[in-house]
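Below is one structure, written out as structure tokens; the observations come after it.
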Amino acid sequence: MSAPAPSPLAIVDAEPLPRQEEVLTDAALAFVAELHRRFTPRRDDLLARRAERRAEIARTSTLDFLPETAAIRADDSWKVAECPPALQDRRVEITGPTDRKMTINALNSGARIWLADFEDASAPTWENVVLGQLNLIDAYTRNIDFTDAGSGKSYALRPADELATVVMRPRGWHLGERHLQLDGQPVPGALVDFGLYFFHNAQRLLDLGEGPYFYLPKTESHLEARLWNDVFVFAQDYLGIPQGTVRATVLIETITAAYEMEEILHELRDHASGLNAGRWDYLFSIVKNFRDGGPKFVLPDRNAVTMTAPFMRAYTELLVRTCHKRGAHAIGGMAAFIPSRRDAEVNKVAFEKVRADKDREAADGFDGSWVAHPDLVPIAMESFDKVLGDKPHQKDRLREDVHVEAADLIAIDSLDARPTYAGLVNAVQVGIRYIEAWLRGMGAVAIFNLMEDAATAEISRSQIWQWINAGVEFENGEKATPELARRIAAEELQNIEAELGAEAFAAGNWQQAHDLLLEVSLDADYADFLTLPAYERLRG
């Protein structure tokens with residue numbers, strides 16, 4: 001008697017989308033189902049391991065480099081795989097979601113790389129998940145254009161040699177995709193995003209002289225990097241793609257990953273391209289892991305924690321040294337400013353800050369950096385052009401002058417700044433405004449002239465939680481309490497209604513966003529990720 005055929009993936013509670021059959025083919029879904037069967041059990045084990053590690057940090061209030069992997073760090077002989085031509089020069093990367101207009105604008109932006117984002121800059125509605133994949137397929141086949149219904153302006157791709165190279169970012173390991181299930185279990189969003197993209201585009205990208213390139217988010221350990229590497233090996237074999245075709249850049253945006261940078265590169269060495277310094281998620285991870293570590297771990301206002309803070313400097317300098325020691329690219333952080341069409345003075349001040357930030361990164365040895373808006377591409381490009389000239393990168397700068405001790409990475413109290421009342425107000429304002437947009441399906445949102453994504457909301461709600469639980473007293477004499485947070489949130493709702501008008505306010509998700517922010521900011525049981533309870537409320 002022959003074995004029964006594996007159960008097919010079920011599409012659950014999803015309205016049909018235009019052209020979805022081009023993405024959700026039987027063959028593509030069979031591939032995603034096989035990824036799920038093989039790798040989701042290991043994903044589940046690793047998520048359980050995260051909780052165990054967090055409990056250990058709560059007990060000890062410290063972290064250290066792993067003794068069991070000391071030999072990997074001490075072995076100077078290994079390097080990551082040679083970089084493919086399309087990823088040699090990464091001096092400016094633009095980030096953004098994969099909606100149709102952004103796809104065209106990002107590819108046309110003049111940046112060398114586009115981080116095509118299915119993660120923090122994309123609210124994972126079914127429409128965003130599926131049509132985002134379709135937009136990338138259309139871009140590679142040059143079957144994409146867009147006309148803005150409001151302005152009538154049309155958008156089309158420039159010639160192929162002027163387009164950015166795509167590095168796609170799937171969702172993190174913790175998020176499920178409720179609309180794709182196997183035997184009643186949601187498939188991890190990471191495997192959905194990776195699987196659909198790889199299945200449809202791996203060979204097509206090779207034919208274009210590029211390849212399937214990925215940014216890996218929210219990684220917390222080298223064992224999670226090992227899982228990704230095994231996914232890549234299987235996927236390449238499954239589709240008959242040469243081994244080593246995939247290239248992955250790992251975001252070092254969790255505090256635990258900062259202690260395992262070399263091990264992460266080692267696990268992915270046949271597929272590794274580089275590491276990136278992701279600022280807001282990194283700070284969120286510090287708060288999350290050390291939230292009960294006492295006053296020395298209390299962060300000041302998020303805007304006071306610049307990349308020149310001693311513990312942030314230790315993190316970025318160690319990242320550059322680690323990458324260059326192993327032949328990998330070191331990619332710097334985000335310039336999130338959104339230029340104002342009405343205030344030239346705001347732009348002037350912000351552009352100078354962006355320029356100084358990018359000058360510092362280039363001087364420190366980074367090989368490239370991120371921007372959130374096309375108008376910032378020339379500024380970042382100029383900073384890296386001055387240092388790189390005609391060279392594609394500066395991996396020859398080994399930064400052997402850098403010596404970072406384990407304690408340096410968590411020396412939060414080395415920063416001479418304290419939480420302020422204005423910082424609390426800003427955290428509430430940004431949290432409510434971002435969550436409301438996310439619940440409408442928007443993951444990248446301009447708020448107060450900054451492009452914010454889910455990492456912004458995470459650090460905002462985490463700081464509210466931390467300051468209240470630490471009993472912080474602000475400079476005006478008020479103490480951080482749940483009552484104060486509720487009062488500020490109520491005032492912000494009133495301000496938003498006055499700003500928008502009653503009709504527009506009623507049409508939004510403002511009360512829901514207000515309630516969710518307070519839930520994840522005030523509950524004694526700290527939610528690991530804001531996006532988990534938010535996803536339960538996300539329509540579509």
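Quick caveat, the model's predicted, so the values are computed rather than measured. Counting from 1, the numbers follow the sequence of the chain as shown.
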Test side chain to side chain contact (heavy atoms under 4.5 Å, CB included), reference Trp126, set Val12, Asp13, Leu17, output is Leu17
Does any non-hydrogen side-chain atom of Asp528 lie less than 4.5 Å from one of His174? no
Would you say the side-chain atoms of His271 and Gln236 include a donor-acceptor pair closer than 3.5 Å? yes
Distance from Tyr213 atom OH to Leu205 atom CG, nearest 0.5 Å? 8.0 Å
To the nearest 0.5 Å, what is the distance between NZ (Lys358) and CG (Leu376)? 8.5 Å
Is the gap between the ring centers of Phe39 and Trp228 under 6.0 Å? no
Between Asn276 and Glu253, is there a side-chain donor-acceptor contact under 3.5 Å, judged purely by atom types and distance? no
Validation row, ring centre His329 to ring centre His393 under 6.0 Å: yes
Can you tell if the side chain of Asp44 reaches within under 4.5 Å of the side chain of Gln185, non-hydrogen atoms only? yes
Distance alone, cut at 3.5 Å: any donor-acceptor contact between the side chains of Asn108 and Arg158? no
side-chain contact (heavy atoms from CB on, under 4.5 Å) with Asp385: which residues, sequence neighbours excluded? Arg91, Met381
Under a 3.5 Å threshold, yes or no: a donor from one side chain and an acceptor from the other, between Arg226 and Asn229? no
Test of ring centre spacing under 6.0 Å for Phe194 and Phe232: yes
Testing the 3.5 Å rule here: is there a donor-acceptor pair between the side chains of Thr147 and Ser154? yes
Indicate whether the side chain of Ser462 and that of Tyr526 have a donor and an acceptor atom separated by less than 3.5 Å. yes
